[in-house]
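In what follows, residues are counted from 1 in the order of the sequence shown. Note that the coordinates shown come from a computational prediction; the quantities given were computed from them, not determined experimentally.
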Amino acid sequence: GRPSEWTFSVYNVYNRHNPWYNYYNNNNTSEIQIPEFGDAQNPVSLYQISLFPIMPTLSYKVYFDKSKDGGMKPGESIKKWFFME
């Protein structure tokens, strides 16, 4: 009988390969090595490691106060949280 709400969200909805980190390498392996910049036969290339493809999430929140704002005026709960009262 308590107020509750469901929330559905999607992270990275376009499934972009956002970089987690980048590294340089001068060979075709996935090993991370310190490249030799003077080597003209093996040019240095930039590689990236990406994490978190499209990721849907579902959450359920239960309120233990009688109302969602706990009987406070609008904006008062945010002010208390922001000023840590």
Side-chain angles (χ1 to χ4, degrees):
R2 299 192 184 274
S4 60
E5 66 183 39
W6 285 94
T7 304
F8 178 75
S9 62
V10 179
Y11 176 79
N12 198 7
V13 71
Y14 295 120
N15 199 20
R16 297 202 43 168
H17 297 283
N18 299 319
W20 182 46
Y21 70 88
N22 297 319
Y23 67 95
Y24 292 98
N25 203 349
N26 63 349
N27 57 17
N28 292 332
T29 65
S30 61
E31 299 173 356
I32 299 175
Q33 298 176 348
I34 298 173
E36 298 174 10
F37 291 102
D39 190 5
Q41 294 177 347
N42 292 328
V44 176
S45 299
L46 178 66
Y47 297 94
Q48 87 175 18
I49 301 295
S50 302
L51 291 179
F52 304 123
I54 188 168
M55 186 169 29
T57 58
L58 181 66
S59 66
Y60 181 69
K61 185 188 294 186
V62 177
Y63 295 96
F64 291 98
D65 291 333
K66 297 222 182 256
S67 64
K68 288 186 178 182
D69 61 355
M72 295 183 198
K73 295 177 186 174
E76 189 176 339
S77 61
I78 293 172
K79 187 193 297 186
K80 283 190 161 204
W81 175 82
F82 186 72
F83 293 109
M84 296 182 192
E85 293 178 356

P19 versus Q48, closest heavy-atom pair with distance: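 What the structure gives for the nearest pair is CB-OE1, 3.5 Å.
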For Y63 against E5, the heavy-atom pair lying closest together: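 For Y63 versus E5, the nearest heavy atoms are OH-OE1, 3.3 Å.
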N18/F52 under side-chain contact (heavy atoms from CB on, under 4.5 Å): CA gap, chis, key distance, verdict: CA-CA 8 Å; N18 299 319; F52 304 123; over 6 Å; no
side-chain hydrogen bond (donor to acceptor under 3.5 Å, both in side chains) evaluation trace for Y60 with S4: CA-CA 7 Å; Y60 181 69; S4 60; 3.2 Å; yes
Distance (rounded to the nearest 0.5 Å) between W6 CH2 and K61 NZ: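 These two atoms lie 13.5 Å from each other.
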Check: I54 main-chain N/O paired with N15 side-chain donor or acceptor under 3.5 Å: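 Yes, the answer is positive, given that a donor and an acceptor are paired below the 3.5 Å cut-off.
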Chi angles and distances behind the side-chain contact (heavy atoms from CB on, under 4.5 Å) call for L51, W20: CA-CA 6 Å; L51 291 179; W20 182 46; 3.4 Å; yes
